[in-house]
Amino acid sequence: MLNLRMGSSCAVGLKSGCQIARRVTEGWASENLYCASCDSGRVRPMPHNSQAVDFACPKCSAAFQLKAARTWNERRIPDAGYHAMMRALGGDSVPNLLVMQYTADWYVRNLLVVPSFFFTAAAIERRKPLGPTARRAGWVGCNILLSKIADLGKIRIVRDGEAFDASSVREQYAAVRPLADLGVRARGWTLDVLRLIKRLGQQTFLIGDVYRFAGELQQLYPKNRNIEPKIRQQLQVLRDKGFVRFLGRGKYEMLK
Ligand SMILES: [Zn+2]
């Protein structure tokens with residue numbers, strides 16, 4: 001079972017709260033965390049200058065970034081530079097994201113992993129540029145909007161201080177992996193449609209239920225003039241990838 005207690009002795013001598021938290025949470029992950037993408041029991045810390053990648057799996061080379069905080073905001077995670085993030089997204093080089101909440105006495109309270117292929121432009125929020133008096137004036141950061149990521153892409157490793165079995169975490173990761181085969185440009189549409197049909201909260205749904213999201217999709221893709229045909233095409237993609245089944249007469253069933 002995953003050990004949820006973090007050792008804080010590795011942070012002795014550090015003064016800034018931010019540095020201490022980073023050292024303790026990364027120390028915990030490098031000693032305890034397994035890879036969700038394969039059966040490796042460990043992930044390895046990367047040198048600190050590796051851009052946005054904190055850990056890599058020695059077996060399947062999956063890359064992970066860890067964002068840890070005491071307060072849990074499932075909606076919005078502050079990330080690094082906006083432009084670097086959008087470049088990484090375009091180049092399909094975004095790492096898997098680990099989002100952790102820890103307690104005041106250094107226990108892992110919540111931890112989830114978002115597979116790298118679940119990120120879309122809709123999930124990246126541009127922050128205001130830093131003001132002229134800031135050390136990095138003009139720099140533009142971003143937030144990751146977890147609310148804009150389909151629930152299937154937020155895989156729980158720990159919830160409220162209880163760790164799930166590694167095997168169930170890996171099964172959930174494997175179940176969504178077919179999405180990784182889609183090209184990075186095509187994937188945005190597929191993920192947005194998947195997120196919206198999941199929001200219906202129904203085992204079966206009608207094409208008309210999905211068309212109700214046309215306005216929302218139009219906002220995300222203002223240049224697209226064929227939203228409804230695009231929705232039907234994406235439902236075919238989701239069928240081919242095993243996420244939905246066509247029941248006929250405009251009716252669909254969720255399979256995952
Ligand atoms: Zn791995």
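Numbers here are sequence positions counted from 1. Order of listing sets the numbers, starting from 1, for every ligand and every atom in it. Values below: all heavy atoms of this structure, side chains included; hydrogens, waters and symmetry mates excluded.
For Q236, the CD atom sits in a packed shell: over 12 heavy atoms of surrounding residues, nucleotides or ligands are nearer than 6.0 Å.
In this structure, R44 contributes its side chain and C57 its backbone to no donor-acceptor pair below 3.5 Å.
The shortest heavy-atom contact between F118 and L194 is CE2-CD2, 4.4 Å.
When side chains are defined from C-beta on, V140 counts as touching R126, because their heavy atoms get closer than 4.5 Å. With a 4.5 Å cut-off on side-chain heavy atoms, W189 and Y221 count as touching. Inter-residue side-chain proximity for R109 and Y102 is flagged as unmet; no heavy-atom pair is nearer than 4.5 Å.
Protein atoms of type N/O/S that fall under 2.8 Å from the Zn ion (ligand 1) number 4 in this view.
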